[in-house]
Amino acid sequence: MTELRRTIQPVATEKGGGLNLGETLRVSLDSLAANRVRSFLTMLGVIIGVASVVSLMTLGNGASNAITNQVASIGTNSLTIFATSPASRGPGGGGAAITPLDMSNVATIESLRLPIVGPVPQFTSSSTVIAPAANTTANVVGTTATFQEVQSIVMEVGTFISDDHVRSVAQVVVLGAELKQDLFGDGVAIGETVRIAGKPLRVIGVMELKGGGGFGSLDDQAYVPISLAQQRLFSARTANGQLRVNTITVSVLDAKNIDFVQERIEMALRDQRNIAPGAQADFSVINQAAFLSTLTQITGLLTTFLAAIAGISLLVGGIGIMNIMLVSVTERTREIGLRRAVGAQSRDILLQFMIEATVLSLFGGIIGVLVGSILPIVLTAMGTLDAPITPDSVIISLTVAIATGLFFGIWPARRAANLNPIEALRHE
Amino acid sequence: MTAMITIEGMTKVYKMGDIEVHALRGVDVTINKGEFVAIMGPSGSGKSTLMNMIGCLDTPTTGRYALDGIEVSSLNDNQLSSVRARKLGFVFQQYMLLPRQTALANVEMPMVYRGIPAADRKQRAALALEIVGMGNRMDHRPNELSGGQQQRVAIARALAGSPAVILADEPTGALDSKTSEEIMHMLMQLNREQQLTIIIVTHEADVAAYADRILTIRDGVIIDDRRNQRGAA
Ligand SMILES: Nc1ncnc2c1ncn2[C@@H]1O[C@H](COP(=O)(O)OP(=O)(O)OP(=O)(O)O)[C@@H](O)[C@H]1O
Ligand SMILES: [Mg+2]
């Protein structure tokens, strides 16, 4: 046995009074790192919970946005007016003839001087459209210049129909992006002549692709001055000599005026069309906003429902943490006894176990956010759904994950901190 | 000679339901700085109970206890923790090393709770491991070490913080006789060369023979207190 040469010097610097947060964090991380498999398994519950919260919330929001965008593309602030058969709505009427809307109704709405864009009348007929190299059947929409603003139409090339075109009954046509493709392929359309109802019309513009498909797509229609459609292309004279329109659209400048505008239009048209007070009107005014808010409510409910289901799995993850932390406290009873014996205060032990639970749930949460982002990102990349990861779904799920760790970590941590060191040391 | 430990009229009663167990029935003893004391006695006589009191892990039912000038009997739980951290080094029969940590990390661990800066801690731990002959095993984990080597690491852990007293309850209880001799020889050297106060509990006379004072306990009282000629080693 060799002689001991050096001696241990008395401790010069020590703070005492328990651990600081940084040291406790290090001790906790050491313990977690020393037991990687168990740490990972504990996190798994939180990972799955957070991943499902993030992906379900994101997908729910994406689906909800897709639906509302579809509706919004029609114009959220817009009111659409069309003629209806009053008898078809009430009992006993049978097939009373529909009195169509006409240009005098448009003039009436104009005269109200409401805070709106429009009114935009439309007179639409289906017709064969003949280009030099191809022909097809399409909706030919007679309308005014304001149509472009109300429908937020962007031109790929050329211009939309102008007020001058309408006034002068110009023989011009604007093509939707898909219709242009059908008639001219990738060739130049502008300046070419297409024949509609036997009349040669000059192509003055091609619209940018609106996309979205679905009903009433703007992309596969042709647009002409409404005067042209009514007077030269199709027969639009009503029995009393007026020019017929199918629909009148107005876009309300401020959404909060929608109800007021709707009421004013209804009153004026009832008056003009001689509807007795209290009687069923022979026209309808459809409010897109009301429809949209109902839809938003439904999709919002759906998202909340999905998030709640995901929340339950997060709760299960939290119980998993508690479970394993309790096992860990029991398993590490002797370690806790040792730490207490060599000078750890019960507060240090409490903090250590709380931090372990929190670190587990935080890391689980972060991994969960990453895992949960995969599906929305893939779906968005594939173009199936536009589901961007929103910061609030990340913040909410991380906060809930940490809160879960703290909440479910407290009980095991208190148990650890309150262990009697002597008994803990004797634990088998 | 300065007194390191002064115990007067110490009793400890455990209440288990209606039954009272008198583990200590009035212990009076003074242990001086630099002494190497062995406590002997039959099973259940109160040796571990006395060690727990000296180790500030428990408080006596009645009586007075002063450690290195500190009146321990009146301290609260946090203050007891602090006294354990600064004044005491523990060596256990079952070594009690953290299984997944290196020898160095194990030795450093108690100093973490004293707020000793990391660099200082590492240096002290390394020196303590060198002193117990484990300087070349610092990065080994307990399962890569023999029982005797693990106990050396445990002694280094007790030593590194420069304690006033090292307490060892049956430190050789889990070791074979040759390893026991090595461990006891080392404790004896630490006692001589570092002027460390050491108190051990043992059942074995040849282990107690390394001490220079032997206390014998029976039924919670000290029945014998004698000097020992350390020729046996
Ligand atoms: N926590 C406790 N609760 C109740 N009784 C206890 C407790 N700890 C010890 N005792 C009792 O006190 C007495 C002394 O026990 P102690 O552990 O001090 O004996 P010991 O001398 O160390 O024995 P051994 O040599 O077997 O380790 C025993 O009768 C024991 O049963
Ligand atoms: Mg004992």
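Chain letters run A, B, ... following the sequence lines, proteins first, then strands; residues in each count from 1. Only a predicted model underlies this, so the values are computations on that prediction, with no experimental measurement involved.
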**Q** Less than 3.5 Å apart, any donor N or O on the side chain of B:Thr11 or B:Thr61 sitting next to an acceptor on the other?
**A** no

**Q** Identify which part of B:Asp120 has an atom lying under 4.5 Å from any heavy atom of chain A, answering side chain, backbone, both or neither.
**A** side chain

**Q** Decide whether B:Arg84 and B:Ser81 meet the rule of one side-chain donor and one side-chain acceptor closer than 3.5 Å.
**A**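 Present: a donor and an acceptor within the cut-off.
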
**Q** Can you tell me which portion of B:Met96 sits under 4.5 Å from chain A's heavy atoms? Options are side chain, backbone, both or neither.
**A** both

**Q** Please check this pair: side chain of B:Thr102 against backbone of B:Ala105, looking for a donor-acceptor N/O pair closer than 3.5 Å.
**A** yes

**Q** Between A:Arg334, A:Glu335, A:Arg340, A:Arg26, which has the largest tally of heavy atom pairs under 4.5 Å with chain B?
**A**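 Top option by heavy-atom pairs under 4.5 Å: A:Arg340.
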
**Q** If we ignore hydrogens and angles and just use 3.5 Å, is the side chain of B:Ser73 paired with the main-chain N or O of B:Tyr65 as donor and acceptor?
**A** yes

**Q** Please determine whether a side-chain nitrogen of the Lys or Arg among B:Glu182 and B:Arg152 lies less than 4.0 Å from a carboxylate oxygen of the Asp or Glu.
**A**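 Here B:Glu182 pairs with B:Arg152 in a salt bridge, since their nearest N and O are under 4.0 Å apart.
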
**Q** Is it the backbone or the side chain of B:Arg141 that comes under 4.5 Å from a heavy atom of chain A, or both, or neither?
**A**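 Neither; nothing under 4.5 Å.
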
**Q** Give the member of A:Ser346, A:Ala344, A:Pro421 that has the highest number of heavy-atom pairs under 4.5 Å with chain B.
**A**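 So the answer, after comparing A:Ser346, A:Ala344, A:Pro421, is A:Ala344.
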
**Q** With respect to chain A, which residue among B:Leu80, B:Leu159, B:Leu88 yields the maximal number of heavy-atom pairs within a distance under 4.5 Å?
**A**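 That would be B:Leu159.
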
**Q** Examine whether an atom of A:Gln352 lies under 4.5 Å from a heavy atom of chain B, and if so say whether it belongs to the side chain, the backbone or both; otherwise answer neither.
**A**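 For A:Gln352, the contact with chain B is made by the side chain alone.
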
**Q** What part of B:Gln195 gets within 4.5 angstrom of chain A, counting heavy atoms only: side chain, backbone, both, or neither?
**A** neither

**Q** Tell me whether B:Arg124 contacts the main-chain N or O of B:Met111 through its side chain, where contact means a donor paired with an acceptor under 3.5 Å.
**A** no

